[in-house]
Amino acid sequence: MLTLSVEPLKSRRHLFRFPQAVLQPLDITDTFVSLRAGFSRRFSVCKPPHVLVGASRNFAIYAEAAIIVPSRQIGIISPKENKPLLKALALYLNSDFVAYHQFLSTTQAGIQKTISTLKALRVLPIPFGNGRNSLGDWESLYTRIAKATAGEDDFDRPDLISELNELTFASLRLDRRARAAVRDFVNTRFALTRGKIGVDAVRPPTVEELKSYAGTLRDELDAFVGEKADIRHRVDVLFDGSSGLTVIEIVGGATGRLPVRVMRATDEAARGFAAARSQLIEKHGQWLYFRRNLRVYEPSKTYVLKPLQRLQWTQTQAMQDAGDIIAESIQPDPVENERVVG
Amino acid sequence: MPPDTPADRTILYRLAFIRNCHILVLRGYELIKAEDLSQAEETSITGELVRGVREVLESEDSEAWMQLFEVLDDPPQNVPDKLGRSRPRVDIEFVRLSGRGKRPRFHIEAKRLYRSDSVKEYFGDGGLGCFIVGRYAAQEAAAGMLGYVQTDTALRWLDRLRTGFAQRAETLRVARGTTLAEAEGLQDLAPLQMSRHGREPVALGQIEVFHLLLDFLPPAVPGT
């Protein structure tokens with residue numbers, strides 16, 4: 001029988017196996033039990049095969065060794081010793097969706113220590129078993145991860161994590177909007193909990209992230225006007241070290257999606273937008289000082305100027321910006337055809 | 001074509017919004033058993049129609065743009081001098097959710113078309129008149145009328161509505177040089193009609209009203 005020390009696992013995620021250092025043989029001096037609190041039920045989750053889940057959901061590991069489940073941590077067993085189910089469950093509990101769900105289901109999360117409860121775990125939707133999705137995809141992903149991480153204790157690799165998250169989204173049948181909400185929360189907004197301003201939320205976005213923002217904005221606006229409309233939206237992003245300007249142009253006679261462009265302010269291709277950007281900064285500089293989100297409307301173009309912080313350039317923010325642009329275009333302010341919002 | 005003026009831009013997005021609202025009405029209509037409602041009261045039909053629209057909105061394979069739409073059945077409207085239960089209720093309200101700021105809304109008033117005074121009711125104080133006096137859609141520039149056809153055919157009722165509309169041009173404050181005509185850009189959805197009206201008080205500006213007739217005829221009896 002082994003005991004588990006969870007302290008060294010505190011800042012780890014996507015663990016696949018327990019590191020050797022955290023497992024120690026059970027010492028004879030620790031072999032006492034509380035008879036009043038019951039023993040057999042508690043001991044049943046220590047017997048393999050089982051899944052050990054961290055109280056803060058930072059790990060969920062399938063194990064075939066007998067390990068004592070420490071206090072506050074959770075042990076899961078299958079009465080029928082269904083190993084594929086337990087493996088699938090361990091993988092699923094490492095997904096971004098579970099992090100998102102548990103954070104929003106637990107009262108304490110985000111306030112002080114992120115400790116999720118057994119109650120929160122019990123309300124987690126399980127996307128397999130009971131005649132729903134088959135375990136086949138989960139089993140094969142588990143096998144692939146096991147092979148890919150031989151000799152390592154985690155699978156903290158973008159390709160494997162992405163595969164796990166995509167399988168989770170597909171199994172739960174989450175749509176584009178829900179997927180974006182999960183991704184942005186776990187990868188960006190989570191850095192703003194517990195009174196922190198984490199670097200993941202305020203760092204400059206990468207070019208790929210800006211493209212993703214621009215593409216989502218375009219898709220949202222195009223979807224609103226409908227496929228049968230003879231107009232489409234072209235979205236360009238121009239950025240420098242501190243701010244980014246999104247230019248949304250209504251293009252007539254176009255079909256299909258128009259490509260998005262992301263340009264540095266110094267690029268030759270960006271010369272046409274640089275003047276517009278300078279004018280906007282000159283005219284509305286005070287809003288940038290307050291780090292606000294500025295939208296200026298022209299008949300066929302909309303300019304959105306905002307600080308170059310990741311938080312402002314997520315997919316969910318693109319959906320939000322599209323919604324605001326639509327609402328303000330349908331009902332423009334009669335006094336001034338421009339909006340400055342927080 | 002891309003818009004040349006701020007007004008063109010507003011029209012472009014507003015038309016897309018109106019189009020989306022009508023797509024939802026028509027999809028909701030497809031889901032209900034229209035034949036079973038050939039004798040039903042207006043409120044019963046509206047309730048069923050809204051149920052159908054809600055089913056479309058909440059379906060797992062609803063389109064991306066639909067997820068930000070909400071439909072309300074018989075919501076009370078806040079108007080001057082009316083509070084609580086005495087507030088008037090528009091038959092259907094569509095709301096497109098957005099972030100901060102005012103949300104686009106589309107109000108629809110429905111009337112049964114089934115007897116000789118139906119045209120009068122359709123254009124009366126409890127019908128189209130509600131939009132003209134600003135009881136409904138006072139803050140919006142467009143609204144909708146639904147005609148529930150329970151006798152004859154939609155085509156015949158459309159003729160009657162056209163005649164009734166022409167006869168009441170003054171009462172209905174029909175905008176100069178306009179009439180009840182096919183709504184441009186929406187004919188691929190359904191034979192939608194559009195009319196433009198002045199409002200009282202004048203400060204509310206003009207309102208465009210989109211008219212759609214839906215069949216609720218009894219099932220045809222074989223051999224008749």
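In what follows, every chain begins at residue 1, and chains take the letters A, B, ... in the order their sequences are listed. Because the structure is predicted, anything quoted here is derived from the model rather than measured.
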(message) To the nearest 0.5 Å, what is the distance between CD on B/Glu63 and CG on A/Asp175?
(response) 12.5 Å
(message) Would the distance check show the side chain of B/Asn20 and the main-chain N or O of A/Phe224 forming a donor-acceptor pair, the cut-off being under 3.5 Å?
(response) yes
(message) Nearest 0.5 angstrom please: A/Arg173 CZ to B/Asp61 CG, how far?
(response) 7.5 Å
(request) Just give me the residue among A/Pro299, A/Gly253, A/Gly252 that pairs up with chain B most often, heavy atom to heavy atom, under 4.5 Å. (result) A/Pro299
(request) Against chain A, label B/Ile11 side chain, backbone, both or neither, depending on which of its atoms sit under 4.5 Å from a heavy atom there. (result) neither
(message) I need the residue from B/Leu12, B/Asp8, B/Leu15 with the largest number of non-hydrogen atom pairs under 4.5 Å to chain A.
(response) B/Leu12
(message) To the closest 0.5 Å, what do you measure between OG (B/Ser98) and CD (A/Gln331)?
(response) 8.5 Å
(message) Nearest 0.5 angstrom please: B/Tyr13 OH to A/Ile325 CD1, how far?
(response) 7.0 Å
(message) To check you understand the geometry: which heavy-atom pair defines the closest contact between A/Ser300 and B/Pro3, and what is its length?
(response) CB-O, 3.6 Å
(request) Tell me, for A/Ala327 versus chain B, whether the close heavy atoms (under 4.5 Å) come from the side chain, the backbone, both or neither. (result) both
(request) Look at atom CD of B/Glu200 and say whether more than 12 heavy atoms of other residues, nucleotides or ligands are closer to it than 6.0 Å. (result) yes
(request) With a 4.5 angstrom heavy-atom cut-off, could you sort out which part of B/Thr5 is near chain A: side chain, backbone, both or neither? (result) backbone
(message) Counting only heavy atoms not in A/Arg257 (residues, nucleotides, ligands), do more than 12 fall under 6.0 Å from its CZ?
(response) no
(message) Rounded at 0.5 Å granularity, tell me how far CG in B/Leu68 sits from CE in A/Met319.
(response) 9.0 Å
(request) Assess whether side chain to side chain contact (heavy atoms under 4.5 Å, CB included) is satisfied between A/Glu298 and B/Arg9, documenting all intermediate values. (result) CA-CA 9 Å; A/Glu298 285 181 2; B/Arg9 178 199 177 88; over 6 Å; no
(message) Would you say that A/Tyr297 contacts B/Thr10 through its side chain, given a criterion of any heavy-atom pair below 4.5 Å between the two side chains?
(response) no
(request) Report yes if some heavy atom in the side chain of A/Ile330 is under 4.5 Å from a heavy atom in the side chain of B/Glu140; otherwise report no. (result) no
(request) Name the option with the most non-hydrogen atom pairs under 4.5 Å to chain B; the candidates are A/Ala229, A/Gly226, A/Gly323. (result) A/Gly323
(message) Atom CD of residue position B/Gln187 - does it have more than 12 heavy atoms of other residues, nucleotides or ligands inside 6.0 Å?
(response) yes
(message) Does atom CG (B/Asp74) have a neighbourhood of more than 12 heavy atoms from anything else shown, all under 6.0 Å?
(response) yes
(message) Tell me whether the count of non-hydrogen atoms from other residues, nucleotides or ligands lying under 6.0 Å of CD1 in A/Ile197 goes above 12.
(response) no
(request) Ignoring hydrogens and angles, state whether a donor on the side chain of B/Arg14 or A/Ser329 is under 3.5 Å from an acceptor on the partner side chain. (result) no
